[in-house]
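Step one of this worksheet: look at the structure below.
All figures in this text were calculated on a predicted structure; none of them were measured in a lab.
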Amino acid sequence: MNFLAHLYLSGDNPAIQVGNFIGDFVKGKNISERFEADIVKGIDLHRGIDEFTDHHPVVLESKIRLRPKYRHYSSVLVDMYYDHILARNWNDYHDMLLADYADKMYDTLVSYKSILPEEVNHMLPFMIRGNWLVNYREIEGIKQALTGMSRRTKFKSNMEQADVELRDHYDAFEKEFKIFFPDLKMFCENFLSR
C-alpha cells in the first residue's frame, strides 16, 4: 500500500498516522529510543501492513500480472494501483471527502515536522503542492507519480509506462483490491486494538 492507504489504515490517532506515514523512511530496530510510543506504534503498523500485503495471495495475483514487464517493481506498482483504487472509491471507506481528508493529513504531517526524517521533510512540500493524495484518484495522477519514481530508480524500471497495464486490466486490479482490502483493514484494526 502507498501513502493514502497507510494514513487511512492508521485510525484517528495523529501520532500513529505520522508513524505509519514515515515507516519506509525509518531504518533500524531501536526506534523506541528515537520516537514517542504512538509514533513507534505507527512505524510498527507500517511494517506489519507491508508484511501482510506482500504475502496476501490476492496481492500476489496482481503482482504476477505485472512481473514479466516490471520484475521486482511490480510490488511498487500494485501499491500505487491500490492507492488509486482506494482514492477512486474513497466514499465507500470514509465519511470525510477525500480533499478534506488530504488537507487534514497534510496539516497533521506538517505539525510533526520536527520529528520527520530528512527525506520526508524534503518530499512533503512537493506532496502538498501537487496534492498527491487527491491526485491518486486519477490515472493521470498515478502516471505522474510513477514517472517521478521511475526517474529515481537505480535500474530501468519502465514504471513511467505502467498506466497502460492499469488501464488494460483495471477491472481485475479493482476486483483484487476489493477482496484484499477488507482483510487488510481487519489486520490493522486488530493491530491497533492491541
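With Tyr81 contributing its side chain and Ala162 its backbone, the two residues share a donor-acceptor pair below 3.5 Å. No donor-acceptor pair under 3.5 Å is formed between the side chain of Ser150 and the backbone N or O of Thr147. A donor-acceptor contact shorter than 3.5 Å links the side chain of Arg88 to the backbone of Arg137. Judged purely by atom type and a 3.5 angstrom limit, Asn20 uses its side chain to pair as donor or acceptor with the backbone of His6. In terms of modelled atom types and a separation under 3.5 Å, the side chain of Trp90 and the main chain of Met96 share a donor-acceptor contact. Panel note: side chain Asp83, backbone Leu4; a donor-acceptor pair is recorded below 3.5 Å. A distance-only check finds a donor-acceptor pair linking the side chain of Asn13 to the backbone of Ile16 [under 3.5 Å]. Of the possible donor and acceptor atoms, one in the side chain of Gln17 sits under 3.5 Å from a partner among the backbone N and O of Gly11. No donor-acceptor pair under 3.5 Å is formed between the side chain of Asn158 and the backbone N or O of Tyr70. Side-chain atoms of Lys41 come within 3.5 Å of backbone atoms of Leu192 as a donor-acceptor pair (strictly under, hydrogens ignored).
In this structure, Arg167 fails the cation-pi test against Tyr170, since its NZ or CZ atom is not both closer than 6.0 Å to the six-membered ring centre and inside 45 degrees of the ring normal.
Across all non-hydrogen atoms, the minimal contact from Tyr112 to Glu36 is CE2-OE1, 4.4 Å. Of all heavy-atom pairs spanning His122 and Pro125, the tightest one is O-CD, 3.5 Å. Contact between Ala102 and Asn131 at its shortest, heavy atoms only, is CB-OD1, 4.0 Å. Closest approach of Met159 to Leu146, counting heavy atoms only: O-CB, 3.4 Å. Nearest heavy-atom pair across Asp54 and Leu60 is O-CD2, 3.7 Å. The two residues Asp38 and Ala15 make their nearest non-hydrogen contact at CB-CB, 3.5 Å.
In Glu160, the CD atom is crowded: over 12 heavy atoms of neighbouring residues, nucleotides or ligands sit closer than 6.0 Å. For Asp92, the CG atom is densely surrounded, since the number of other residues' heavy atoms within 6.0 Å is greater than 12.
With contacts defined as side-chain heavy-atom distances shorter than 4.5 Å, the pair Tyr106/Leu133 qualifies. At a threshold of 4.5 Å between non-hydrogen side-chain atoms, the residues Val78 and Leu66 count as touching. Side chains of Ile31 and Arg47 form a contact here, defined as non-hydrogen atoms less than 4.5 Å apart. You'll find the side chain of Phe21 stays beyond 4.5 Å of the side chain of Thr108, heavy atoms only. Inter-residue side-chain proximity for Lys113 and Leu124 is flagged as unmet; no heavy-atom pair is nearer than 4.5 Å. For the pair Asp50 and Asp24, the minimum side-chain heavy-atom distance is below 4.5 Å. Looking only at side-chain heavy atoms (C-beta outward), Val110 and Ile128 come within less than 4.5 Å of each other. Taking the side chain as every heavy atom from C-beta outward, Val18 and Leu116 approach each other to under 4.5 Å.
Interatomic distance, Ile115 CD1 to Ile39 CD1, rounded to the nearest 0.5 Å: 4.0 Å. Here NZ of Lys69 is found 13.0 Å from OG of Ser74. Values are rounded to the nearest 0.5 Å. The CE atom of Met80 lies 12.0 Å from the CD1 atom of Ile85; values are rounded to the nearest 0.5 Å. For the atom pair CG (Asp163) and CD (Glu138), the distance works out to 13.0 Å, reported to the nearest 0.5 Å. Summarising the geometry, atom CD1 belonging to Ile142 is positioned 13.5 Å from atom OH belonging to Tyr82; distances are rounded to the nearest 0.5 Å. From Met123, atom CE reaches atom CD1 of Ile22 across 10.5 Å, with rounding to the nearest 0.5 Å.
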Validation: residues 175-191 side-chain donor-acceptor distances under 3.5 Å, sequence neighbours left out:
from, atom 1, to, atom 2, distance (Å)
Glu176, OE1, Ser62, OG, 2.4
Glu176, OE1, Arg65, NH1, 3.0
Glu176, OE2, Arg65, NH2, 2.6
Asp183, OD2, His56, NE2, 2.8
Lys185, NZ, Tyr8, OH, 3.2
Asn190, ND2, Met186, O, 3.3

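The same ILVMFWY cluster, assembled from side-chain heavy atoms under 4.5 Å apart, contains both Tyr93 and Phe173.
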